[in-house]
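For ligands, and for the atoms within them, numbers begin at 1 and follow the listed sequence.
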Amino acid sequence: MASGPPTVAQHLEILRRSSHADLLSLISQIGPELHDKLPRSYVESLPEVDQTICLRAALVLWATRGGGYVPREMQLRAILGDRHRQDVNVTAGTGSGKTLPIALNILLDDPAHQYITITFSPLKRLQESQRLEFEELFGIPTAVINDTTPRDPTWWNENVWNNRRKVPGRRRHLLVTVEQAFKSREGHFPPLYLLLRNPYFARRIVRVSVDEVHSVYTSGTPLYGLPAFRPAWARLPEVKALIPKSVNWSFYTATLPPHIRKVLIQTLIPSKDFVDIFITTNRKNLVYATHCMVKSMDELRNYRCFIRNPFVLDAQPHILIFVDNVNLTTRISSYLRSLLPSGLSGREKIVMHYNSQMSEEYLQSAHQEFTDPKGKCRILVTTSGQSVGVDFPNVEIVCNVGIPPTGVDAIQRGGRGGRQPGSQALFVIFHEPFANEIDLGEYKGRGIDLNDPDRPRNKLKTSSNRRDRAPYFMTQLIQSSECIRRQLNKNYLNDESDESLSFSNKWGLCCDRDHAFDHPEFDLTSLLPGQIFTLEDLEKSKAAEAEVKKTRNKFRPTAERGYLEYEVNKWLRATHKADPTSLVSQSAPHSFR
Ligand SMILES: [Zn+2]
């Protein structure tokens with residue numbers, strides 16, 4: 001036997017075999033930093049065999065992370081479900097630590113069994129950071145499998161499954177995008193598709209976890225006459241039918257409204273004997289508001305309120321602006337940049353956009369500039385596809401431009417704000433005037449499921465416009481005078497917990513609606529860094545334009561110069577592009593100053 005202190009692997013081996021009494025004595029040896037932080041009343045309410053599992057899980061975590069971390073009740077309940085070979089459904093907020101139960105379940109497995117754990121995760125962009133979490137924090141060798149994974153058989157043999165010897169490869173945890181489990185649209189068979197149909201491989205699978213499981217409905221199901229965005233999501237039951245029944249499934253999401261929960265239970269959780277874990281996703285430190293924009297979302301002056309006026313970099317809050325239209329992300333960010341003082345260094349970095357047309361390098365640098373305490377980016381204008389689930393720890397204001405397509409989107413996007421401990425954030429929906437004009441009585445079109453709160457009025461075509469797409473729940477939320485927190489948490493998510501309506505932030509505010517209790521007056525302007533563009537401003541600017549037309553040589557009001565410069569320079573660039581030999585030079589942008 002090798003001498004020297006035991007390795008983490010040896011520690012885990014000892015813990016997996018220790019008796020209840022041994023585990024208890026180990027915990028008391030470590031002392032109050034572990035003992036007192038365990039959810040004791042929960043653990044003590046369990047039969048001894050379950051207590052043993054909880055103590056073991058806590059000690060495994062302690063040994064792996066080198067101390068300091070103790071599992072919470074939600075995590076212990078998920079682990080117990082797995083140990084009892086029950087399916088587990090966890091609805092809990094993003095910050096609740098979903099990685100932990102999956103990691104501890106893997107660490108509690110006896111390595112001699114050579115089990116394989118599969119985790120389906122929706123976003124390719126996030127897989128790499130999830131892999132690092134599993135490997136660096138828990139020492140679990142994890143393979144990322146998506147459409148860019150090499151098809152090279154040597155890699156697969158070494159890392160995932162050794163076909164000749166019929167044994168698992170080096171990495172026992174596979175982080176997979178759902179599409180890899182099915183034949184591709186082009187008729188290719190991804191390597192994982194073949195493995196799932198290989199009985200030797202299938203027998204080694206011990207558990208399957210599904211992250212962001214609401215995607216089964218929101219991405220996988222054809223809805224309202226439109227094809228599914230990612231049909232593979234709705235085909236997970238096929239995977240369930242392929243692999244042994246004994247495999248444990250666990251499902252995670254922060255947003256499971258009743259209509260999606262019903263679909264999940266019908267398709268993926270046939271046994272009534274599953275562990276159902278719910279923790280409120282109410283974000284106490286968020287303040288909610290809606291704001292009606294002037295004219296439409298294309299009127300860029302609606303966004304000027306996001307730039308601090310006068311501009312001071314250190315005082316400018318970090319703002320995340322969600323836009324469902326890729327072109328508009330570019331236009332909004334260019335416009336906001338044009339409002340910055342000219343001559344400011346690193347101007348182009350202060351407002352950045354984040355969408356699928358940008359290169360991976362650009363996206364990474366935008367993320368870095370936005371999240372790094374020394375970074376310059378203060379405003380990130382993003383499409384949701386690019387950034388849902390991406391960690392932006394320091395956001396003080398989240399704005400959704402237009403009506404969010406679903407309540408799930410609204411909650412997920414708003415939830416990007418105030419993620420730093422002790423921080424708070426505003427979530428504001430900037431909607432267009434038409435949202436107030438829609439008749440809610442019209443939401444009963446033919447062939448539309450009336451139990452779906454996100455339904456449009458009638459079936460949609462790909463060419464349907466924003467007004468046609470306006471979903472019931474969010475339109476009603478905008479029109480209603482009812483508390484927004486109540487509408488999102490109780491009416492939409494059916495959260496009946498005591499904490500679903502509580503709030504706590506430095507403003508002492510819940511949302512911009514009236515409440516029965518005493519509260520400070522809500523003033524959106526005081527929560528935004530710049531001035532809101534109003535109908536009155538629009539009238540004034542029209543009058544000023546008319547005046548300028550009359551007296552040609554008159555100067556523009558200084559406040560508008562930034563935007564004018566931007567328009568003129570855009571024209572200069574376009575002219576140069578159309579005819580590079582013209583006298584208009586691209587290298588000398590025009591300035592009014
Ligand atoms: Zn409220």
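- Inspection of the T383 and N355 side chains reveals no N or O donor paired with an N or O acceptor under 3.5 Å.
- Within 6.0 Å of CG on D514 lie no more than 12 heavy atoms contributed by other residues, nucleotides or ligands.
- Between the CG atom in N458 and the CD atom in E442 there is a gap of 8.0 Å [rounded to 0.5 Å].
- Residues D537 and Q531 have side chains that never bring a donor and an acceptor to within less than 3.5 angstrom of each other.
- Salt-bridge formation is detected for the pair R413/D324: a Lys NZ or Arg NE/NH1/NH2 atom is positioned less than 4.0 Å from an Asp or Glu carboxylate oxygen.
- With waters neither drawn nor counted, the protein N/O/S atoms under 2.8 Å from the Zn ion (ligand 1) amount to 4.
- For the residue pair S209/S250, the side-chain donor-acceptor check at 3.5 Å is satisfied.
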